[in-house]
Structures are given as C-alpha cells and as structure tokens.
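Written below as structure tokens is the structure these notes are about.
In each ligand, atom 1 is the first atom listed, and ligand 1 is the first ligand listed.
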Amino acid sequence: MVDSINKKDKKQAKPDISREKSAELYAKAKTYFPGGVNSPVRAFKSVYGTPLFIAKGDGSHIWDADGNEFIDFCCSWGPLILGHNNVKVREKVIEVMQHGMSFGAPTALENELAELILNNNQFIEKLRFVSSGTEAVMSAIRLARGYTKRDKILKFEGCYHGHSDSLLVKAGSGLVTFGETSSAGVPKSFADETIVVALNDVEALKEAFNEFKDQIAAVIIEPVPANNGLLLQTRDFLQALRDICTENGTLLIFDEVISGFRIGFEGAAGYYKIKPDILTYGKIIGGGLPVGCYGASAEIMDHISPVGSIYQAGTLSGNPVAMAAGIAQLSELLTKGFYDELHSKTEEFVATIQNYATKRNYKLKVFTIGSIFWFAFTDQEHITKADDIDPASMDKFKKMHRELINRGIYLGPSGYEVGFISSAHTKTDLETAKRAIFESLDLVFNEK
Ligand code: PLP
C-alpha cells in the first residue's frame with residue numbers, strides 16, 4: 001500500500017531535474033514573446049524554476065525538452081479529458097485534414113458537432129461556435145446586453161471568464177462595488193459597467209439588484225468556480241442566483257469553459273439541475289483545439305446576426321480541424337459509464353490523499369468535484385469565496401510543486417489552479433502520483 005512508505009525516504013528532497021534545454025528555449029523565447037510566453041501563467045512565476053517546455057504528450061504522460069517524463073494533471077488546463085494524443089481524436093483529425101484545413105464556409109462537421117452537443121443537452125437549443133473561451137464569453141455578454149437592452153453585468157470575485165475588457169475587473173472595497181480594472185488598458189468606463197460581488201453571498205447579490213434595479217443585463221458565474229482554487233458553491237446559492245435573475249429580467253450566464261463536459265456531459269447545469277439562460281463552453285468541445293461556443297434557447301440565439309441585430313463573427317469559427325477533434329472527443333464522452341468511471345477514480349485518489357494528510361494533522365484539504373481536484377493548504381472545511389484563501393498558503397504549494405516535478409508529477413504552475421484527471425490516467429499512474437504526493441507533503445509539513 002502506498003501509505004506505508006519507507007520512513008527513511010520520506011524526508012528526503014529529491015535533486016532538481018535537469019532543465020537545461022527548457023532554460024535554453026526559454027532564453028530564446030524571452031526575445032520573441034513578452035516574458036517568454038504566450039499566456040502569462042506558463043511563465044512559472046508562482047513556482048520554482050524555469051518553465052518546462054513540453055515536447056510530447058501521450059495518454060496521461062508528457063515529456064519536456066530535456067526528456068523528463070511526467071504524469072500530467074494539468075491536461076492542457078482541463079480539455080484533455082481523454083488524455084494526450086488520444087487515438088480516436090487523432091485519427092479523426094487526420095482523416096478530416098486530408099480534405100483541407102480551413103474554408104471559412106459552412107461544413108457538415110459543424111452540424112455534426114452541434115448535434116452531439118444539442119441532442120444531449122437539455123439547456124440549450126441553438127449555439128454558435130467561436131475559437132476560444134474568451135470569445136465565447138465576450139459574445140455571450142454582448143448577446144445578453146443586446147437582448148435585454150441593458151448595459152451592466154454582474155460578476156463574482158474569484159471567477160475568471162477570459163480576458164475581454166468587461167471581465168478583467170476585480171472587486172473594489174465594499175459589499176457591492178463597481179469593478180476596478182484588473183489590467184492596464186481596460187478603460188475605467190468599461191469597468192464601471194461591471195458590478196463585482198463575493199461568491200456565496202445572497203445579501204450582496206440582493207443589494208446589487210436593489211442598487212442597480214432594471215440595469216443588469218446579465219449575471220455571469222462559473223457555476224463551479226475553478227480558476228481561483230476550487231470554490232465550490234452550494235446548490236442553494238446557485239438557485240438563489242437563478243431566482244433573482246428571473247425576478248429581475250436579467251439573464252443568467254453559466255460560464256462552463258471548465259465545468260462543461262467535465263463534471264458530466266451537461267456540465268454544472270446538469271449537475272445542479274439549474275437552467276441558465278446562456279451557456280458558454282471552451283476547448284473541451286474541440287478535444288483541446290482552439291474552440292468555444294455559446295448557446296441558449298432558439299429565441300435568445302436568434303438575436304444574433306445574420307438573423308438578429310447583435311453582431312458576432314469569426315473567420316475560423318467552426319473550422320473543420322477543431323470540429324473533427326470535438327466530434328471524436330464528445331462521442332467518447334457519451335459512451336456508457338464514462339463519467340462514472342472517471343469520477344470514482346478521482347474520488348478514490350482524492351480520498352486517499354486526504355486521509356493521509358488528515359492522519360498526520362497536515363493542514364491540507366483536497367476539494368473535488370467530478371474529475372477536478374484542488375490542494376488547499378488550509379484547515380477550513382469549506383472555501384467558497386476568493387477571500388477565504390490565505391495567500392501565505394501558496395508558499396506550501398510552491399514547495400510541493402517543486403517536489404512533485406522532481407518526482408515526475410506535473411501540476412499546473414500555480415496554487416490557485418486546479419488539477420484534472422483524464423480517462424487515460426491508469427491505476428498505476430494514480431498510485432505513483434499518490435506516493436509522490438505523500439512524500440512531498442511530508443517534506444512540506446516537516447520543514448524545519
Ligand atoms: N472562462 C473560464 C471559466 C475559463 O476557465 C477560461 C480559461 O481557462 C476562459 C473563460 C477563457 O478561455 P480561453 O483561455 O480559451 O480564452
């Protein structure tokens with residue numbers, strides 16, 4: 001049993017893996033890209049060492065440029081629910097690519113992927129494909145504004161919805177606040193249209209609706225907030241949100257870029273059995289390729305051009321390569337028992353780690369839902385708000401991340417990021433990962 005590690009091995013930090021080639025690539029990359037990366041979190045700012053440049057992925061494993069092998073729990077930030085380089089996804093993409101890669105004209109593949117989604121989702125009747133999660137959310141917000149003829153939106157502190165201007169907004173001080181821009185370059189006038197409140201706080205929500213009566217076009221939430229830790233909400237809170245939106249003629253947007261097709265085929269809406277007005281999905285519907293979509297009732301969606309007056313477009317929207325990958329991936333997700341198996345594997349993994357930590361009085365809580373997990377260095381039973389996370393606890397994650405990397409386990413490079421398990425993770429992978437996690441926790445918590 002993994003629980004019984006040789007006592008002598010437990011307290012030994014492993015030597016750092018070689019990152020020579022990654023360091024060389026990073027030095028070059030810094031001359032090409034700001035900070036050497038094309039998306040900030042990849043720069044390893046919150047964890048130890050030079051960013052690892054990935055050379056290959058297969059199943060649950062990835063290899064970096066130096067040839068180091070890792071069991072991957074980042075899964076390209078979630079969408080690789082079948083693991084890397086899945087044979088069915090790859091073959092479908094290759095088959096489609098034999099016939100050309102982009103037309104900027106409709107293809108049958110778009111219908112095929114739309115059917116897979118719509119025929120198995122009770123919450124939306126029509127959708128529009130776009131090329132990223134950011135684009136999906138940005139378009140959903142425009143749809144809500146155009147549909148309700150109102151300007152303000154309400155978001156929650158601790159939810160991430162991509163990098164469009166209206167959403168790069170954080171809470172100011174006070175219960176209900178106009179947002180403050182969280183990035184230079186976002187005009188204050190944009191932030192003034194975004195109201196930010198804390199998660200899991202019905203009073204703040206009510207106050208916002210009192211203060212901005214008949215002005216709020218949409219409330220947007222990650223129903224499973226998974227970008228700032230895993231801030232699991234109660235069904236009651238989500239239901240209160242649903243009710244308050246209905247009472248006020250405000251559209252409820254569930255941003256399911258992470259939870260969609262991950263915690264079940266119908267995502268969080270299906271899990272909590274709550275119907276939002278608009279849903280957004282991301283790269284998981286394209287097998288990890290650049291895709292997203294937003295969907296709603298036919299009545300709402302028909303406000304989008306060319307039928308309606310709300311403009312939204314994209315040269316690469318519905319491109320055949322991404323559609324092919326999506327068709328192959330979603331078909332797999334629909335096979336009987338897919339989610340049950342994935343979830344029970346995750347439950348067992350998390351429970352064993354939690355048990356190990358609890359027995360040793362380690363201040364660790366592993367939060368989980370579906371096949372998502374998050375290591376929180378806390379003794380709080382629940383963490384439902386961004387403010388509940390102690391920033392100082394991130395030092396422990398940093399240490400753990402280094403130890404895990406040195407033991408061949410790859411987690412996203414920030415303690416605020418969640419981990420993902422794919423159907424490609426084998427029992428052996430998970431046992432190996434548990435052992436590495438136990439050893440790393442022993443080091444983190446027994447530090448002098
Ligand atoms: N919404 C949520 C909930 C996300 O997690 C993300 C990114 O991870 C986005 C939107 C933006 O997606 P993308 O990075 O594909 O633009």
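- A cation-pi arrangement is absent between Lys28 and Tyr32, since the terminal nitrogen or guanidinium carbon is not both under 6.0 Å from the aromatic centre and inside a 45° cone about the axis.
- Among all protein heavy atoms, the one lying closest to atom 14 (O) of ligand 1 is Lys283 NZ, 4.0 Å.
- A salt bridge links Asp192 to Lys188: one of the charged nitrogens lies within less than 4.0 Å of a carboxylate oxygen.
- For ligand 1, the atoms closer than 4.0 angstrom to any heavy atom of Gly133 are 11 (C), 12 (O), 13 (P), 15 (O), 16 (O).
- The shortest contact between atom 6 (C) of ligand 1 and any protein heavy atom is with Val257 CG1, 3.6 Å.
- If you number the atoms of ligand 1 from 1 as listed, the ones under 4.0 Å from a heavy atom of Ile258 come out as 5 (O).
- Residue Glu222 has at least one heavy-atom neighbour below 4.0 Å for each of these atoms of ligand 1: 3 (C).
- Residue contact check: Asn227 has heavy atoms under 4.0 Å from atoms 2 (C), 3 (C), 4 (C), 5 (O) of ligand 1.
- Ionic pairing of Lys126 and Asp302 is present here: one or more N-O contacts between side-chain nitrogen and carboxylate oxygen are shorter than 4.0 angstrom.
- Between Glu135 and ligand 1, no pair of N/O atoms sits closer than 3.5 Å.
- Under the 4.0 Å criterion applied to side-chain N and carboxylate O atoms, Glu332 and Lys88 are assigned as salt-bridge partners.
- Using a 4.0 Å cutoff on heavy atoms, Tyr160 counts as a contact of ligand 1.
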Practice problem: Under the ring-ring contact (aromatic ring centres under 6.0 Å, His included) rule, what do Phe373 and Phe375 come out as? Steps first, then yes or no, please. | Solution: CA-CA 7 Å; Phe373 63 89; Phe375 293 118; 5.5 Å; yes

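- Checked against a 3.5 angstrom limit, the closest N/O atoms of Asp255 and ligand 1 fall inside it.
- Here atom 9 (C) of ligand 1 lies nearest to Gly162 when heavy atoms of Gly162, Cys159, Pro223 are compared.
- At distances below 3.5 Å, not a single donor-acceptor pair connects side-chain atoms of Glu193 with backbone N or O atoms of Phe190.
- Relative orientation of the Phe377 and Phe397 rings is perpendicular, given thresholds of 30° and 60° on the angle between their planes.
- The environment of CD in Glu341 is sparse: at most 12 heavy-atom neighbours from other residues, nucleotides or ligands sit within 6.0 Å.
- Ligand 1 places these atoms under 4.0 Å from at least one heavy atom of Thr134: 11 (C), 12 (O), 13 (P), 16 (O).
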